[in-house]
Amino acid sequence: DLTEKTDHGSEVRDVQAALYELCWQVVQGNLKLDLVASVLGDMMVQVAFLKVVFYLETGALEEKNKRDHYTQLVGACLFFVPETILKERLDPETLESLGLIKQAHQFNQKIVKIKTKLFYKQQKFNLLREENEGYAKLITELGQDLSGNITSHLILESIKSLIGCFNLDPNRVLDIILEVYESRSDQDVFFLSLIKSYMCEPLTLCHILGFKFKFYQEPNEETPKSLYHIAAALLHHNLIELEDLYVHLMPLDAAIIEEHKRDISEAKQIARKLVMVVLPSEKSEDKEKEKEKEEEKNEKPPDNQKLGLLEALLRIGDWRHAQSIMDQMPSFYATSHKAIALALCRLVHLTVEPLYRRAGVPKGARGCVMHPLRNKGAPPPAESFEELRRDTFSMLCYLGPHLSHDPILFAKIVRLGKAFMKEYQIDSRPDVKDKLETLLSCFLSIADQVLLPSLSLMDCNACMSEELWGLFKLFPYQHRYRLYGQWKNETYSSHPLLVKVKAQTVERAKYIMKRLTKENVKQSGRQIGKLSHSNPTILFDYMLSQIQWYDNLIVPVVDSLKYLTSLNYDVLAYCIIEALANPEKEKMKHDDTTISSWLQSLASLCGSVFRKYPIELAGLLQYVTNQLKAGKSFDLLILKEVVQKMAGIEITDEMTSEQLEAMTGGEQLKAEGGYFGQIRNTKKSSQRLKDALLDHELALPLCLLMAQQRNGVVFLEGGEKHLKLVGHLYDQCHDTLVQFGGFLASNLSTEDYIKRVPSIDILCNQFHTPHDAAFFLSRPMYAHQILSKYDELKKAEKGNRQQQKVHKYVAACEQVMTPVHEAVVSLHPARVWDDLRPQFYATFWSLTMYDLAVPHSAYEREVNKLKAQIKAIEENPEMPLNKKKKEKERCTALQEKLQEEEKKQLEHVQRVLHRLKLEKDNWLLAKSTKNETITKFLQLCLFPRCIFSSIDAVYCARFVELVHQQKTPNFCTLLCYDRVFSAIIYTVASCTENESHRYGRFLCCMLETVTRWHSDRAVYEKECVNYPGFLTIFRATGFDGGNKADQLDYENFRHVVHKWHYMLTKASVHCLETGDYTHIRNILIVLTKILPCYPKVLNLGQALECRVHKICLEEKDKRPDLYALAMGYSGRLKSQKVHMVPENEFHHKEQPARSATPASQQNGPGSTGKPSTSTSKTEEGTSEDGDRGKEKSQGTTKPVNKANSAAAKVTTSNGNGALNSTKAVKERDDKEKIVKEKKEKKDKTPGSTPETKAENRREKQRDERAGKEDRVAREGKEKTPKADREKVKAEEKNNKDDKTKAGNGEPMDPSRERDTIKESKNKEKGDRIAVAGSLKSPVPRSESAESERDHKRRKLDSHSSPSHSSSVKVSMA
């Protein structure tokens, strides 16, 4: 058996090796000859020894010594080795030395003569003796009817008789047999058996055939197909060898290779001509046409006999010999000839037929049954997918792109691939898995090397494209994109035809794109569709390159893509990703401050294309994810556009107040009134996006990567990038996170969302997600869980009373949020929870504007719009009735949905407010000071969330108001507002551009509340008086000697509001004067946002206007974006001037003796000029006594009479000016004198501008009013007895002394104070315009400039500071 033979062979090899080593030692002289000869004689290993001897002869020829030993060894072994064998194998010189021949020279001559006689000397026949009758009879014998009992054996006997009888030449007889066979090529069986019986030497037959082929190698001769057929038949039946016949065929292989190279170079040259822009001239065009005509006349393709033989071999099914011929030629050279390609296609048809009938035929299709070849040596038909590997796959690989000649076979192969993929996906047996994996790689190779190149050469066959997509959609997108990459970047350079096709496609694409407009989208779209069926990669590559340059092409291109096939859409997705990932393109502009326009264009195209057409999103989403993993956030722009277009979710900070209000409602209200564009019909596209995210598990990874990348943009990706670009990337990352999170919250089911989002402590501690982003992702989950639990409780206990429902809702909240309260404890140090309860922290972060208020006006506005639409539809006579009915039904349904949604939200808000009312008493502990509590609230809650999104900005402001309205214990509303308005410089400076928009919106909402309270005493008394947030502690001396808790009255609140406006002005001026790009841009954005509520005081508005005008002048040619912002704000500020009021109308400067006003928390204009910092130190300093008292409360700071402070240069230890007061009577006298001086000054000052004249008129009116008030006051004073007046003066003087001592200040001389007031008032009118521009930011200056600074400060304080003259200190409780 086979094993025994194998073992025997190994033994023989071992013996040969041993013998070789033994003999080699003898040749080298290491062993004695006698010993070896005796050993060899005993072993009697003749065959093995002979082989060794022949090997050793070559090595022993080099040295004489070795040759002698070799000769002696062979001579010693002559007794058991035959001489004849040695004479056959050994060289004549060796034989001569052994004595077996006499002379080597003579022996060589004899060999030559014998070989010549045997192989070259032709036997001469006496041709004259040959008789023609013999040949005639021979032809008759061979040409007779062979259908009877005539066999090749009978004919052979007759031929032999004829040769003997008529002295015929046997070679000529064989030639005639071949000639007759050639004319009767259908009688293969007979003639092949006859030739096999007749011939004795295959070489002779090959020579005769070669002579026949050589005859047809003359010019203009064509080799007959019958000759190819008999040559192929003889080869197939092994009567001749291919190597022997191949040398007789023309052209030579070298000529074929040269021709192939020439074809490629010509194709490339044609491609270059098509790409190059050449201005043609008439003469050159005529010459080229003449040349082409001459070439057509002279050009006749040579008769390629090798290809003819190959075709014949393929037709009879001899794949083995055909494959050998194709291997001698360049790739796809043979199949580039249509006849050979069709012959090979036919062979493949026959090979796959049984398997195709079993697995590939679609339902209902019959097809044409193909009969197998009668040739038993043909490749056997494949019965299973495994058998395709035997011959079919290799045949297809040789066929390559020329499968395009047979679309039917193309479809068959694709259908077989589909059948295999279904089997591959179903069958999961481990023993079969390896075979299936191998087959999968084979099908992928066929798709790469055969199917896609063939599609390129097919002439606009959309059916084939769809058929191929049926297979490709079963592959993962990674496999598909790899195939597309090979197709686009490598396939087109592998063959001359494909090179030409690529050039022609580019030329045609250019033609279409030049003429593409919005008006001819339909016609151009059809042309694009037609071109894309065969060569989508080349077409889309060119179209995308054009879109990157010209973004106005996006809309017409997207509209023109509606005629594409499914495969083309998938290829488009790949081409877009490849264009995005192009390493040669910079994603930043040359100024390194903005993202490149080509990336923005592609991102916009992505959003439009993926929304409009059913393209798989997985590849694009995975690309963005991979980029984020690599720390690159540029490509988030793509995700932003895709989510915006597909889901209709916009992220913008330019929302109007109406839109923002609509965004606080339900989903229907958001869709109708919350976005700029009414993006309808997003249900299908958003479902596709959701499915892609869930199927590939990309939803949570994208969220986490974006949340982590926000800080990565600044600290890792930022590097050397321009600050403006870093801010832009940060905003893009953040906005996309908000947009993407909103999409997931509104589209994922409750189960999907909860299953994917981990708990808040895991998000923050394990995934290192920033807290604001973690709560943003968790917030929808809490809402879902609370509603689910609430529904459960309602079903468990059926009760319809509203009170019962509210209690159940509160219970549901407790069950859901208790684990969250425990989880958030780990997010911050333990000392944080001394002031804020985890319950308060979680409540703040888990609620939204939807929970706090119902936007009734937004709902009403949208309902009215729908009613107007219905009315317009009814009044439209041109609209058809059925369309009218549909539109009315749609509008009515929307209207009902909105009303139902409003009702649902109203009930929800009532439940939430009831829950908060129950919780509020346990929110704030205030174990330290109230200032610390507010600090932690601002730091951990308010500031992080107010810049997260526009709605969050509104939410933060409303939440503060809600906490105040709920009368929350230990929450000081005044202190909270004071901290928000007094220290905005550093917050503004640290914001990005979009964060500035949100921060400005937050300030605007806060100011709206303050303005509402400020504008109406009744509103203030209703919403603020008797609320703990406005509780103050009076520290007074000379009255009752103790502390008393009281409310801040309306007038003092107006003073505080003026102080806040002043602090906002001071911070704004500082930012505008820094010259820093970020400071200026951000403060202009913030000022624009708060314009409805600030500035309200005329002199503050003028100061701002002057600074902004200066920015406009400075930045006009330097930084155009700042110039545009400044000009925009300046124009809007001027339009607001009519709503501004003088300072004495904004708040009354004269106050009752007992008044409580909080002091400035920042360094006022009377301070040392340092920029404001944290206010906690100031507050603690001013409220030290109060902290030790019964209330243990933190006092707030106090407004400073800045004019007096500047004049006296008196400051407290914490940097704020001390309060000063004078006697009431003397103060009135001083004011009367000042009014007279103002009138005189005003008369002297000319009104140079309209503003100045208007200002003068307003001043005159104010002075007249002030004079009337003084006269009334004087009349009242005169009625007071002199003794009483003196008593009052004494008491006020004592109070003033006590106060200055408590503030660590120096008492001020009343006369000096009066003089200072006079001086400041006299300067006020003349310097008003100059003063508006003299507001300087608090930048430290050298001591040498001290006097100038003080002088400017006096001018500033004389018109922009709150002039309070209270003798009472206040701290907020």
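- Under the side chain to side chain contact (heavy atoms under 4.5 Å, CB included) criterion, Thr1088 pairs with Tyr1129, Arg1132, not counting sequence neighbours.
- You'll find the side chain of Leu1098 stays beyond 4.5 Å of the side chain of Glu1143, heavy atoms only.
- Checking side-chain atoms of Ser990 against main-chain N and O of Thr987 turns up a donor-acceptor pair under 3.5 Å.
- Minimum heavy-atom separation, Asp772 to Arg710: OD1-NH2, 2.8 Å.
- Atom OG of Ser982 is separated from atom NZ of Lys1059 by 4.0 Å, given to the nearest 0.5 angstrom.
- When side chains are defined from C-beta on, Lys1089 counts as touching His997, because their heavy atoms get closer than 4.5 Å.
- Residue His1079 places its NE2 atom among more than 12 non-hydrogen atoms of other residues, nucleotides or ligands, all under 6.0 Å distant.
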- Message: Between Arg958 and Glu1008, is the salt bridge (Lys or Arg N to Asp or Glu O under 4.0 Å) condition met? List the steps.
- Response: CA-CA 10 Å; Arg958 296 291 173 255; Glu1008 280 176 5; 3.4 Å; yes

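- Nearest heavy atoms, Ile1090 versus Cys1004: CG2-N, 3.5 Å.
- Panel note: side chain Asp731, backbone Asn994; a donor-acceptor pair is recorded below 3.5 Å.
- The side chain to side chain donor-acceptor pair (under 3.5 Å) test applied to Arg1017 returns Glu1051, not counting sequence neighbours.
- Thr848 is not listed as a side-chain neighbour of Ile951, based on a closest heavy-atom distance of 4.5 Å or more.
- In the displayed structure, Met1127 atom CE is contacted under 6.0 Å by at most 12 heavy atoms of other residues, nucleotides or ligands.
- Ring planes of Phe937 and Phe971: perpendicular class, angle over 60° (limits at 30 and 60°).
- Between the Gln659 side chain and the Thr656 main chain, a donor and an acceptor come within less than 3.5 Å of each other.
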- Message: side-chain contact (heavy atoms from CB on, under 4.5 Å) for Val960 and Val980? Distances and angles first, verdict last.
- Response: CA-CA 11 Å; Val960 172; Val980 167; over 6 Å; no

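- Residues Leu1133 and Pro1095 have side chains in contact (heavy-atom distance under 4.5 Å, counting atoms from C-beta outward).
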- Message: Show, in sequence, the C-alpha distance, side-chain angles and deciding distance for Asp735 and Arg998, and conclude whether the salt bridge (Lys or Arg N to Asp or Glu O under 4.0 Å) test is met.
- Response: CA-CA 12 Å; Asp735 290 351; Arg998 298 189 276 270; 3.4 Å; yes

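- Partner of Tyr1094 under the side chain to side chain contact (heavy atoms under 4.5 Å, CB included) criterion, out of Thr1011, Leu1104, Leu1003: Leu1104 alone.
- In this structure, His1147 and His1058 have parallel ring planes: the angle between them is below the 30° cut-off, well short of the 60° mark.
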- Query: Can you check side-chain contact (heavy atoms from CB on, under 4.5 Å) on Leu974 and Leu1048, steps first, answer last?
  - Reply: CA-CA 9 Å; Leu974 269 178; Leu1048 186 70; 3.3 Å; yes

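- Ring geometry for Phe948 versus Phe776: interplanar angle of 30 to 60°, hence tilted.
- Side-chain contact check for Tyr1050 and Arg1054: at least one donor-acceptor pair (N or O, by modelled atom type) lies under 3.5 Å.
- In this structure, the side chain of Thr968 engages the main chain of Val963 through a donor-acceptor pair within 3.5 Å.
- Between Tyr1123 and Cys1112, the shortest heavy-atom contact is CD1-O, 3.2 Å.
- Side-chain rings of Trp1060 and His1014 stay apart, their centers remaining 6.0 Å or farther from each other.
- Side chains of Pro944 and Trp845 form a contact here, defined as non-hydrogen atoms less than 4.5 Å apart.
- Rounded to the nearest 0.5 Å, atoms CZ (Arg1119) and CD1 (Ile1080) are 5.0 Å apart.
- At distances below 3.5 Å, not a single donor-acceptor pair connects side-chain atoms of Ser1130 with backbone N or O atoms of Ala1126.
- Rounding to the nearest 0.5 Å places CD1 of Ile934 at 10.0 Å from CG of Asp835.
- By the 4.5 Å heavy-atom criterion applied to side chains, Asp1121 and Lys724 are counted as neighbours.
- Side chains of Thr935 and Arg979 form a contact here, defined as non-hydrogen atoms less than 4.5 Å apart.
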- Query: Does the pair Glu1023 and Arg1012 meet the rule for a side-chain contact (heavy atoms from CB on, under 4.5 Å), with working shown?
  - Reply: CA-CA 10 Å; Glu1023 297 183 11; Arg1012 191 176 74 248; 2.7 Å; yes

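- Nearest heavy atom pair, residue Ala953 against residue Phe1002, reads O-CD1, 3.5 Å.
- Side-chain atoms of Asn1082 come within 3.5 Å of backbone N or O of Val988 as a donor-acceptor pair.
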- Could you walk me through whether His964 and Cys1024 pass the side-chain contact (heavy atoms from CB on, under 4.5 Å) check? CA-CA 8 Å; His964 164 74; Cys1024 301; 4.2 Å; yes

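- The distance from the CD atom of Glu995 to the CD1 atom of Ile1085 is 11.0 Å, given to the nearest 0.5 Å.
- With hydrogens and angles disregarded, a donor-acceptor distance shorter than 3.5 Å links the side chain of Ser996 to the backbone of Thr992.
- Minimum interatomic distance between Ser1068 and Leu1087 (heavy atoms only, all atoms of both residues): OG-CD2, 3.5 Å.
- In this structure, the separation between CD on Glu1073 and NZ on Lys1110 is 5.5 Å, given to the nearest 0.5 Å.
- When all heavy atoms are compared, the tightest approach of Cys976 to Leu938 is SG-CD2, 4.3 Å.
- Two residues are said to be in side-chain contact when any heavy atoms from C-beta on lie closer than 4.5 Å; Ile984 and His1070 fail this criterion.
- Note: Glu1114 CD to His1109 NE2 = 10.5 Å, rounded to the nearest 0.5 Å.
- For the pair Tyr977 (side chain) and Val1057 (backbone), a donor-acceptor distance under 3.5 Å is absent.
- Without hydrogens or angle criteria, Arg945 side chain to Phe844 main chain gives a donor-acceptor distance under 3.5 Å.
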